[in-house]
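Have a look at the structure below before the remarks.
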Amino acid sequence: MTDFNRSVLPVAVRSNGATPNPWWANAVVYQIYPRSFQDTNGDGIGDLKGITSRLDYLADLGVDVLWLSPVYRSPQDDNGYDISDYQDIDPLFGTLEDMDELLAEAHRRGLKIVMDLVVNHTSDEHAWFQASRDKDDPHADWYWWRPARPGHEPGTPGAEPNRWGSYFGGSAWQYDPKRGEYYLHQFSRKQPDLNWENPEVRKAVYRMMNWWMDRGIDGFRMDVITLISKHLDSHGRLPGEVDSELSEGEIGEEGYTDASPFCSDGPRLDEFLAEMRREVFEGREGYMNVGEAPGITPERNEFITDPAHKELDMLFLFDHVGVDQEGSKWNTVPFEVRNLRARLADQQEAVRNAGWASLFFCNHDQPRVVSRWGDDSDRESRELSAKAFGMLLHMHRGTPYIYEGEELGMTNAHFTKLDQYRDLEAINAYRQRVEEARCQSPESMMAALALIGRDNSRTPMQWDASRYAGFTAADAATEPWIGVNPNHVEINAAEEFDDPDSVYGFYKKLIAMRHGNATVATGEWNLVAADSEQVYSFTRTGGDDTILVMVNLTGRTARVPAEVARLLGNGVGESQVLLSTYDAVHGVKSIARGELARWEGVVIQL
């Protein structure tokens, strides 16, 4: 079981200047994608009762916080990230009473619950949006409504207020015949953007957030929260609108301009986040708020997460998960260690003196790291590379996030046909890029989807080797909502749970190190050997205590970098090896030879 009665970390390594030390400084977060975690009623979709039934597994793993992807009432156009009622549970997942039971049972085990919250946009079926379709309704200005361009027939190509493209393909504007105007949607057309410039919108959002906090949840992970403030000209016009003082930029290969420079990290973002802090979180204790942060630089992360500015505790940055993409998300390039190291180093350096980092490789929007950057071609390679990337991530300074199944070394789905995918982004991107814009070949697009498509992380959790991996009953009348990965026969929790050498056993050790070692939790981070093509190495220092971490992130033997060899001096003994992707004896012998085996990572007490 997890235990929140852990000793307070020493002042010398206290995180981000806060007093007393934030409870989440040595905590580990586990993300649950509810529809894929555990199905208890045989409908092929995971539910809240399923999560409750697996709490002992999560407590055994040792995590502290459970982050739930959205379970609110929703048409499920974007798997729940299109919310139609913020204060109800979608029947797919259960009831409010099921949610209360999950909270109570999680808290009984020392586990906290953080809910995913989407307030950049709602569903077009939300009551607020339906009311806003009437220009005379008090909600009329709660969304970004704009008339057609002069001289164009409303609803026809070219009549959109500007040429912004949606992140999910097509135009970012949708014509509504009832209102006779267009509304902005950065994502699906069923996800209209809320107008945060309107103070009544913000008040309604804060009331809803307080309702959940009062109900007993422990905080929020806020989806695309850094998109809530848009750039406007002096007359309130968006870039590219008729007579706007702001240009919307050049048209890209898909036929649209890019909205992200004008919707990410907008001019009022700090104001809105500080207001949210005052209205929802001030006076509360034991909570955590983290924001998904597209468009945010490491330097801005330092400002927003600095406790002195009273905005957010943590942000998810994305520069490091784009190191294998060039231009379009769907134009993939080979993974290089130096590129990942440069991005992560920037993030670590930015919060050296203030602020805090979120540590992640996987989540519901990212593929499985073991398939993306590791090697899942055989069992040994998969387990070693899963451990290598796990060690690398968890030994950094910040709060680590584990995505369901990552602790088992779960792999990408390896889908080969478009009809196997369920993700709106993937299906729309194929249609947009292959069939309409014709800027990518079918073969190249399918290869990109197989590598980085979001459904790779959304296949059912692999609990055992039974027909549906234990996600739903083997004799269930309804198949899971998305295909089960066939490799669940070899990769599953039942197989790994009692094996200390499994990926699961390795993750338990990583979590225990963060809980029990103040240097791992909040010690200073310093990069070593910045130029190595294979080995990523750094030190963690707290007071007189120094730990060296070095990981070979390739499937080839690598030389120990000269800078690392100098730190090791005359070599190391087995007692100095705190953790290894192989074992202590192997690590000592490797270091004596001046090399690391493929996917070999070692944590050494200097």
Side-chain angles (χ1 to χ4, degrees), residues 1-11 13-32 48 51-52 55 58-59 61-69 71 96 99-117 119 205-222 225 273-292 304-316 354-359 397-402 511-512 514-516 518 521-522:
M1 298 294 182
T2 55
D3 180 8
F4 271 91
N5 297 315
R6 302 186 186 111
S7 59
V8 175
L9 298 178
V11 173
V13 292
R14 191 173 61 229
S15 70
N16 64 4
T19 304
N21 189 72
W23 63 266
W24 37 258
N26 67 334
V28 178
V29 184
Y30 187 98
Q31 183 189 359
I32 292 173
L48 292 175
I51 299 171
T52 302
L55 289 176
L58 297 165
L61 180 60
V63 297
D64 308 283
V65 183
L66 307 182
W67 151 27
L68 309 186
S69 284
V71 291
L96 278 169
M99 185 68 197
D100 291 338
E101 180 187 18
L102 172 58
L103 282 168
E105 289 299 313
H107 290 162
R108 190 167 67 83
R109 291 165 174 80
L111 295 163
K112 297 198 176 214
I113 298 284
V114 167
M115 292 186 73
D116 217 323
L117 181 65
V119 288
V205 167
Y206 304 152
R207 282 195 299 271
M208 172 269 297
M209 293 174 72
N210 274 302
W211 184 85
W212 276 111
M213 293 295 289
D214 291 343
R215 201 174 186 98
I217 71 166
D218 302 293
F220 294 100
R221 176 269 187 189
M222 287 170 274
I225 195 66
L273 293 179
E275 181 182 69
M276 178 190 292
R277 183 81 168 221
R278 291 193 305 271
E279 296 298 322
V280 179
F281 300 108
E282 286 298 311
R284 299 184 188 273
E285 295 182 354
Y287 68 85
M288 183 182 84
N289 58 24
V290 55
E292 185 187 28
I304 292 171
T305 63
D306 185 340
H309 299 140
K310 296 185 176 182
E311 295 187 27
L312 297 178
D313 297 326
M314 282 172 265
L315 290 174
F316 290 118
W356 194 245
S358 295
L359 309 174
R397 183 173 181 268
T399 297
Y401 288 73
I402 299 170
I511 295 166
R514 181 161 296 269
H515 288 165
T522 57

Can you find a pair of side-chain heavy atoms, one from Trp212 and one from Met99, that are under 4.5 Å apart? yes
Gap separating the CZ atom of Arg397 from the OG1 atom of Thr399, nearest 0.5 angstrom: 10.0 Å
Can Glu282 and Arg277 be counted as an ion pair, charged N to O under 4.0 angstrom? yes
Is it true that the NZ or CZ of Lys112 lies under 6.0 Å from the centre of Trp23's six-membered ring and within 45 degrees of the ring axis? yes
Evaluate the side-chain proximity of Val290 to Tyr401: yes if any heavy-atom separation is below 4.5 Å, no if none is. yes
Arg221 side chain near Gln31 side chain, heavy-atom distance below 4.5 Å: no
Asn26 and His515: which non-hydrogen atoms are nearest, and at how many Å? O-CD2, 3.0 Å
Looking at every non-hydrogen atom in both residues, tell me the closest pair between Leu103 and Arg215 and how far apart they are. CD1-O, 4.0 Å
Ile511 side, atom CD1; Ile402 side, atom CD1 - distance, nearest 0.5 Å: 4.0 Å
Donor-acceptor contact below 3.5 Å, side chain Asp218 vs main chain Ile113: yes
Separation between CE (Met288) and CG (Asp64), nearest 0.5 Å, reads 10.0 Å
Shortest non-hydrogen contact from Ser358 to Met314? OG-CB, 3.3 Å
Can you find a heavy atom in the side chain of Leu58 that is under 4.5 Å from one in the side chain of Ile32? yes
Would Ile51 and Leu68 satisfy side-chain contact (heavy atoms from CB on, under 4.5 Å), going step by step from the backbone distance to the final call? CA-CA 10 Å; Ile51 299 171; Leu68 309 186; 4.0 Å; yes
If I take atom CD from residue Glu311 and atom CG from residue Asp306, how far apart are they, to the nearest 0.5 angstrom? 9.5 Å
Nearest non-hydrogen partners of Gly355 and Pro307, listed with the distance: N-CD, 4.4 Å
Taken in chain and number order and not counting sequence neighbours, the residues that satisfy side-chain contact (heavy atoms from CB on, under 4.5 Å) with Arg284 are Asn210, Met213, Asp214, Tyr287
Looking at Ala25, is its backbone amide N or carbonyl O close enough to the side chain of Thr522 to form a donor-acceptor pair, meaning the two atoms are under 3.5 Å apart? no
Show your working on side-chain contact (heavy atoms from CB on, under 4.5 Å) between Tyr30 and Leu61 and close with a plain yes or no. CA-CA 10 Å; Tyr30 187 98; Leu61 180 60; 3.8 Å; yes
Considering only heavy atoms from C-beta outward, does the side chain of Leu315 approach that of Ile304 to under 4.5 Å? yes
Nearest heavy-atom contact between Ile225 and Gly291 is CG2-CA, 3.7 Å
Can you name the residues that form a side-chain contact (heavy atoms from CB on, under 4.5 Å) with Glu105, not counting sequence neighbours? Thr52, Leu55, Glu101, Arg108, Arg109
Can you name the closest pair of heavy atoms from Asn289 and Asp313 and give their distance? OD1-N, 2.7 Å
How many angstroms lie between atom CD of Glu275 and atom OH of Tyr206, to the nearest 0.5 angstrom? 3.5 Å
Could you pull out all residues at least two apart from Phe220 that satisfy ring-ring contact (aromatic ring centres under 6.0 Å, His included)? none
